Amino acid sequence: MPRSLHDLTFDQLREVLVGEGLRPAHTGMLWNTLHYRAMADPLAREDLPPPLRRWLTRVLADGSWMLDVPPASSDTPSSDGLTRKFLLRLADAQEIETVIMGYTGRHTACVSTQAGCAMGCVFCATGQMGFVRHLRPGEIVAQVLHAQRTLHTAGERLRNLVFMGMGEPLHNYDSVMTALDIICDTRGLNIGPSKISVSTVGVVPGILRMAAEDRPYNLAVSLHAATEEERARLIPANQRWPLAELVAACRAYNEKTGRRIFFAWTLIEGVNDMPEHARRIAELLHGLDAHVNLIPLNRTEGYAGNESTDSAAEAFQLILQEAGFPCTVRQRRGIDVAAGCGQLKAAKNRRKAVVS
Ligand code: SAH
Ligand code: SF4
């Protein structure tokens, strides 16, 4: 398997180029081509210095290096025009989801970190698929570049990024952090760390590592239940990292970094959307610097639950706000393109199953 140039940070790229006898100054040129201009074919750039062009032509042709430019096997706009969802096809034919959410003038890309997911959350289409494999840094960066190219044709630039697509980012920690180093590089995509959110189901060692390494991204923690029993029913990974340990890690993160944590709560009718649940969140998170995001469930094939009513969501929100927690109900957008994590891929698998 050839190595991918998109896997490399700036310093790693320079090391490779210098090792190949090229000038260190060529690094900036190639980096600018791949990550600032986001060119799918760097050889299409006419002003490449001849030695760099010769090297690139040779290594791409002999297969010692490759690029991560996965084609979109589907591209689905939502009827409200605010969401566009892509299935990108990787070299081994795995398909991953990348979504562009275009809230008025503030574009956000939502990227995947794994093909499938090992965490098995019962309401999640990706969890229902099981784990296939981790993505390499280049495969994560490629999704951001794809979003950037798409927006560029509309004369826009990508500024916000969330790791809320398929997979559990902190189960693929090293690749995700390398990808983030590449994505935040000011000579390239230059997305500000404060405009990036990493969402985790609660991989405790990963949260502590982010704090220890002082990673400057926003951290979102998917909570969904506020007792061990209820959470274990929805999130099998709760057995590995129980709620008590998770909340302790969140407190440690708060203290070490001084950064607020964004807790996500998927509202499922009759399961976790009653006033008593809201009150339990307030007790559990007491003293934490926390924001709670309420997200009505997107229905999936493999789970019988329904989304909460608007009035239940509002009552839930009010209890948390009165307890002193900033709390928002996230608008549901692009439902018609199955905008929930893993749902487009799941829908495609169902169609396949019908055909075969
Ligand atoms: N694995 C990470 C990030 C990807 S999932 C995590 O779980 O946090 C991103 C968010 O989508 C999580 O908060 C997850 O709980 C939520 N989610 C998954 N399936 C959903 C569904 N069917 N409806 C609503 N939210 C869902
Ligand atoms: Fe994995 Fe997140 Fe889905 Fe849970 S919600 S199965 S952790 S992608």
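Worth saying up front: this structure is predicted, and the values here are computed from it rather than measured. Order of listing sets the numbers, starting from 1, for every ligand and every atom in it. Values below: all heavy atoms of this structure, side chains included; hydrogens, waters and symmetry mates excluded.
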For F163, take its heavy atoms, then give the atoms of ligand 1 lying under 4.0 Å from any of them.
-> 3 (C)
Using a heavy-atom cut-off of under 4.0 Å, does the side chain or the backbone of Y303 touch ligand 1, or both, or neither?
-> neither
With sequence neighbours excluded, give me every salt bridge (charged side-chain N to carboxylate O under 4.0 Å, His left out) pair touching residues 230-257.
-> E230-R280
Quick one: do D174 and R136 make a salt bridge, cutoff under 4.0 Å?
-> no
Any idea which of G167, G165, A237 brings a heavy atom closest to atom 2 (Fe) of ligand 2?
-> G167
Proximity to ligand 1 by part of T200, non-hydrogen separation under 4.0 Å = backbone
Answer yes when K85 and D75 have at least one side-chain N-carboxylate O distance shorter than 4.0 Å, and no when they do not.
-> no
Does an N or O from P296, backbone or side chain, lie closer than 3.5 Å to an N or O of ligand 1?
-> no
Numbered atoms of ligand 2 (with element) below 4.0 Å of G127, judged on heavy atoms | 6 (S)
With a 4.0 Å heavy-atom cut-off (strictly under), which part of T266 contacts ligand 1: side chain, backbone, both or neither?
-> side chain
Between E168, H134, E139, which is the residue that forms a side-chain hydrogen bond (donor to acceptor under 3.5 Å, both in side chains) with Q114?
-> H134
For ligand 1, is any non-hydrogen atom under 4.0 Å from M119's backbone (N, CA, C, O), its side chain (CB onward), both, or neither?
-> neither
So is R299 close enough to ligand 1, meaning a heavy atom under 4.0 angstrom away?
-> no
Is the closest basic N to carboxylate O distance between R259 and D289 below 4.0 Å?
-> no
Can you tell me if C121 has an N, O or S atom under 2.8 Å away from atom 1 (Fe) of ligand 2?
-> no
Looking at ligand 1, does A220 have a heavy atom less than 4.0 Å from it?
-> no
With heavy atoms of C124 as the reference, note each atom of ligand 1 found under 4.0 Å away.
-> 18 (C), 19 (N)
T300, portion touching ligand 1 at heavy-atom distance under 4.0 Å = side chain
Are D68 and S4 linked by a side-chain donor-acceptor pair shorter than 3.5 Å?
-> yes
Salt bridge between D47 and R53, side-chain N to carboxylate O under 4.0 Å?
-> no
Please list, chain by chain and in numerical order, all residues satisfying ring-ring contact (aromatic ring centres under 6.0 Å, His included) with F262, sequence neighbours excluded.
-> H291
Taking only Lys NZ, Arg NE, NH1 and NH2, and the carboxylate oxygens of Asp or Glu, determine whether R106 and E156 approach each other closer than 4.0 Å.
-> no
Considering only NZ, NE, NH1 and NH2 on the basic side and carboxylate oxygens on the acidic side, decide whether R279 and E276 come within less than 4.0 Å.
-> no
Using heavy-atom distances, let me know which of C117, G120, P169, S222 sits nearest atom 1 (Fe) of ligand 2.
-> C117
Ignoring angles and geometry beyond distance, decide whether G167 reaches within less than 3.5 Å of ligand 1 through its nitrogen or oxygen atoms.
-> yes
G165: numbered ligand 1 atoms lying under 4.0 Å from its heavy atoms | 4 (C)
